[in-house]
Amino acid sequence: MDLELQDRVILVVGGTGLIGSAVVERMRAEGATVVAASRHDGLVMDATDDASVQAAIERLLAEHGRIDGLVVAAAPSARTLDPSRNSEPAQALAAFDAKAMSFLRVANSVLPAMTGAGFGRIVGVSGQNAFQTGNITGSVRNAALVIVAKNLADSVAGSGVTVNAVSPGIVVDEPSTEIALGRSGQCSPAQIADLIALLLSPRTGTISGESIAVGHRVRGATGL
């Protein structure tokens with residue numbers, strides 16, 4: 001299927017990270033014009049800082065004239081969180097800001113250009129911790145991103161702009177086919193990038209406000 005991404009301008013925030021770099025590679029393979037943003041390389045942006053985000057988006061629009069797609073995969077990996085502090089308010093708050101609020105900052109900064117053009121695709125990378133207990137920090141930061149994405153999707157309904165979240169399970173280079181009860185399935189960065197590519201496509205204009213699991217959604221649990 002031609003995803004119709006040729007020459008589309010796609011911004012990948014966190015584009016040098018594990019998932020972000022896979023998205024960059026996938027988008028380039030589709031012929032998109034990809035702008036990778038990070039704190040130190042490419043388009044320099046600190047997604048936790050309003051002024052840095054706004055300045056970076058202004059630079060992108062000045063250079064390319066438009067933005068067709070946004071992927072936010074900038075949050076620190078769950079492996080960087082201290083398991084002994086999973087229920088500590090300070091860690092949960094910092095993680096919430098670094099993930100959910102960073103997504104909101106960047107999405108808000110591109111929405112005027114997208115709604116003005118009548119087209120845009122926004123995808124935030126959440127995680128299946130949003131659907132599980134046992135890790136307050138992981139659950140809060142991921143569930144909040146899903147809720148932010150749904151609210152943004154509803155706010156621009158009918159504008160030609162879609163907003164969705166993807167929620168990977170355990171991310172590994174070579175996913176196992178075994179899925180334990182009460183656990184999510186594994187997925188690779190490339191598999192996550194494949195789903196994101198689909199959601200960035202002009203062909204998926206009827207999909208918005210969704211949270212889509214990558215890797216088998218938690219086995220033995222249901223969720224709406």
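Ala143 approaches Ala130 most closely through the heavy-atom pair N-CB, 3.5 Å. A pairwise comparison of heavy atoms in Thr204 and Leu200 identifies OG1-N, 4.5 Å as the closest pair. Closest heavy-atom contact between Gln91 and Arg85: NE2-O, 3.1 Å. Contact detail for Asn86 and Ile136: the closest heavy-atom pair is O-CB, 3.4 Å. Minimum heavy-atom separation, Cys187 to Gly169: SG-N, 3.7 Å. In terms of heavy atoms, Ala213 sits closest to Gln128 at CB-NE2, 3.7 Å.
Residue Val218 belongs to a hydrophobic cluster whose other members are Phe131, with links defined by side-chain heavy atoms closer than 4.5 Å.
Here the side chains of Val23 and Val34 are not in contact, with every heavy-atom distance at 4.5 Å or above. Counting only heavy atoms from C-beta outward, the side chains of Arg28 and Val24 approach each other to under 4.5 Å. Between Val156 and Leu152 there is no side-chain heavy-atom pair separated by less than 4.5 Å. Contact of the Met45 side chain with the Val106 side chain is registered, since non-hydrogen atoms from C-beta on lie closer than 4.5 Å. Using a 4.5 Å heavy-atom cutoff, the side chains of Val163 and Asn151 are not in contact.
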Expected list for residues 110-122: side-chain donor-acceptor pairs under 3.5 angstrom, two or more places apart:
unit_1, atom_1, unit_2, atom_2, d
Thr115, OG1, Leu111, O, 2.9
Thr115, OG1, Pro112, O, 3.3
Arg121, NE, Ser201, O, 3.0
Arg121, NH1, Gly160, O, 3.2
Arg121, NH2, Pro202, O, 3.3

Could you pull out all donor-acceptor pairs under 3.5 Å where a side-chain atom in residues 50-65 meets a protein atom, sequence neighbours excluded?
unit_1, atom_1, unit_2, atom_2, d
Asp50, OD1, Arg105, NE, 3.1
Ser52, OG, Asp46, N, 2.8
Arg59, NH2, Val44, O, 2.8

Tell me, with the steps shown, if Ile196 and Arg26 meet side chain to side chain contact (heavy atoms under 4.5 Å, CB included).
CA-CA 9 Å; Ile196 290 174; Arg26 184 70 167 83; over 6 Å; no
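Asp68 meets the side-chain hydrogen bond (donor to acceptor under 3.5 Å, both in side chains) test with Arg66; sequence neighbours excluded. Judged as a side-chain hydrogen bond (donor to acceptor under 3.5 Å, both in side chains), and not counting sequence neighbours, Thr133 has no contacts.
By the neighbour-count criterion of 12 heavy atoms within 6.0 Å, atom CD of Glu88 is densely surrounded, having more than that number from other residues, nucleotides or ligands.
In the hydrophobic clustering of this structure, Leu43 does not group with Val12; members are Ile, Leu, Val, Met, Phe, Trp, Tyr whose side-chain heavy atoms approach within less than 4.5 Å, directly or through other members.
Panel note: side chain Lys99, backbone Asn142; no donor-acceptor pair is recorded below 3.5 Å.
Applying the side-chain hydrogen bond (donor to acceptor under 3.5 Å, both in side chains) test to residues at least two apart or on different chains, the pairs with a partner in residues 160-181 are Ser167-Ser211.
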